[in-house]
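Please read these numbers as outputs of a predicted model, since none were measured by experiment.
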Amino acid sequence: MAAEVANLLLSVIQGIPAGATNDDLTKALSDVPAATRVEGLNVLLQQGGIEILKKGEKLVYRAKDPEKKSALPKDADNEEKIVYGIVEEGVNKGIWIRDIRMKSNLNMTQLNKILKNLETKKLIKAVKSVNASKKKVYMLYNLEPDRSITGGAWYQDQDFEVEFVDVLNQQCLRFLQMKRENAEKKRDGPLALKQLSCCTVNDVHKFISDLGISKVTLDEDDLETILKTVVYDGNAERIMQQDGSYVYRAVNLPLPPTGLVQMPCGICPVIKNCSNCGDVTAIKCQYMKEWLE
């Protein structure tokens with residue numbers, strides 16, 4: 001009898017992708033006693049056909065993908081199943097403990113105990129986010145954290161690798177400049193110069209990979225991030241192609257401004273009051289002192 005009821009319950013639950021509440025099941029199987037429905041639900045939980053979640057004060061039953069096998073042991077209690085299901089929804093971006101608490105409606109003592117048990121069993125793991133060093137997010141144990149959590153190739157143990165980024169910036173610029181210099185040597189005119197001096201992200205990625213200066217594997221998105229910093233520095237330009245992709249080319253910097261133009265006097269708001277005596281003088285000027293140093 002329990003097996004037949006389990007099949008009926010599964011059909012109802014599968015018809016509600018967002019998850020069926022006890023009210024939904026009672027309404028759909030009004031002629032089935034409550035105790036028999038509970039037995040049927042227990043059969044489905046033991047078989048792994050459904051998962052149990054908690055939304056607010058209500059339990060929600062949701063059908064599981066038959067091809068998706070959960071690592072959660074069958075003897076796990078309902079609270080563990082609820083927390084595991086919530087963490088699973090966070091995929092590789094993880095979920096904050098405060099959000100787990102709000103979704104599970106468990107008190108912190110109970111939730112911390114469950115999280116610790118799941119971590120001990122290597123079902124979930126806590127990962128520090130580069131966006132907040134004191135903030136941990138939880139995700140399934142076998143998932144690789146998203147780069148928005150780890151910071152990608154630019155972070156090592158939560159620390160931003162300034163020197164590494166600077167080296168990549170310099171090498172990317174060097175490649176763009178080499179490409180432009182080779183194009184200039186051909187003297188084929190301005191249009192040909194512009195076309196021949198352009199580089200795709202793939203070109204730069206191959207150059208950096210061949211150099212072997214990175215201990216971590218860099219993909220094209222990583223290199224495009226560096227190329228954008230070269231553009232922001234004013235050393236290159238980013239040009240959109242007809243297919244929506246971008247190419248990069250080095251630009252010749254204008255002549256540096258003369259020393260007179262760089263003097264702080266040029267933008268001083270009280271220069272009219274400046275004289276050889278009084279409070280506003282070149283001798284006492286902090287900005288002039290810093291410029292001279």
Are the side chains of L196 and N182 in contact, using a 4.5 Å heavy-atom criterion? no
Mind running salt bridge (Lys or Arg N to Asp or Glu O under 4.0 Å) on R62 and E88 for me, showing each step along the way? CA-CA 14 Å; R62 190 170 61 186; E88 189 176 25; 5.9 Å; no
Shortest non-hydrogen pair, V251 vs A236, comes out as CG2-N, 3.7 Å
Backbone of L143 reached by a side-chain donor or acceptor of K125 within 3.5 Å: yes
Checking D222 side chain against D219 main chain: does a donor-acceptor pair fall under 3.5 Å? yes
Any donor and acceptor pair, going by atom type alone, linking the side chain of N112 with main-chain N or O of M108 inside 3.5 Å? yes
Can you tell me how far apart CG (L9) and CG (L29) are? Round to the nearest 0.5 Å. 5.0 Å
From T225 OG1 over to L168 CG, what is the distance, rounded to the nearest 0.5 angstrom? 10.5 Å
Value rounded to 0.5 Å, distance of CD1 in I86 from CZ in R101: 13.0 Å
Please walk me through it: do C172 and F207 pass side chain to side chain contact (heavy atoms under 4.5 Å, CB included)? CA-CA 8 Å; C172 286; F207 172 74; over 6 Å; no
So, are E184 and R180 salt-bridged, with charged N and O less than 4.0 Å apart? yes
Can you find a pair of side-chain heavy atoms, one from E220 and one from N202, that are under 4.5 Å apart? yes
Check whether the side chains of Q171 and R174 place a donor and an acceptor atom closer than 3.5 Å, and report yes or no. yes
Pairs involving residues 19-42, ordered by first then second residue, that meet salt bridge (Lys or Arg N to Asp or Glu O under 4.0 Å) (sequence neighbours left out): D23-K58
Pairs in or reaching into residues 195-208: which pass salt bridge (Lys or Arg N to Asp or Glu O under 4.0 Å), with residues at least two apart or in two chains? K206-D210
Taking atom CD1 of I114 and atom CD1 of I124, what is their separation to the nearest 0.5 Å? 10.0 Å
If we only count heavy atoms from C-beta on, is the Y61 to L41 side-chain gap below 4.5 Å? yes
I need the minimum non-hydrogen distance between A20 and L25, along with the two atoms involved. CB-CD2, 4.1 Å
Ion pair K113/E79, N-O distance below 4.0 Å: no
Atom pair CG/CD of L115 and Q110 - distance to nearest 0.5 Å: 11.0 Å
Could you go through N169 and D233, starting from their C-alpha distance and side-chain angles, then the distance that decides it, and tell me whether this counts as side chain to side chain contact (heavy atoms under 4.5 Å, CB included)? CA-CA 10 Å; N169 180 290; D233 290 339; 3.4 Å; yes
With a 4.5 Å cut-off on side-chain heavy-atom distances among I, L, V, M, F, W and Y, is there a chain of contacts connecting L227 to L211? yes
Regarding K194 and E237, does a basic nitrogen lie under 4.0 Å from an acidic carboxylate oxygen? no
Kindly say whether L218 contributes a backbone atom to a donor-acceptor pair with the side chain of H205 at under 3.5 angstrom? yes
How many angstroms lie between atom CG of L173 and atom CD1 of I226, to the nearest 0.5 angstrom? 12.0 Å
Steps toward side-chain hydrogen bond (donor to acceptor under 3.5 Å, both in side chains) verdict (S245, D243): CA-CA 6 Å; S245 62; D243 60 358; 2.6 Å; yes
Would you call V87 and L118 a side-chain contact if the rule is heavy atoms closer than 4.5 Å? no
Non-hydrogen atoms of K136 and A126 that approach each other most closely: CD-CB, 4.0 Å
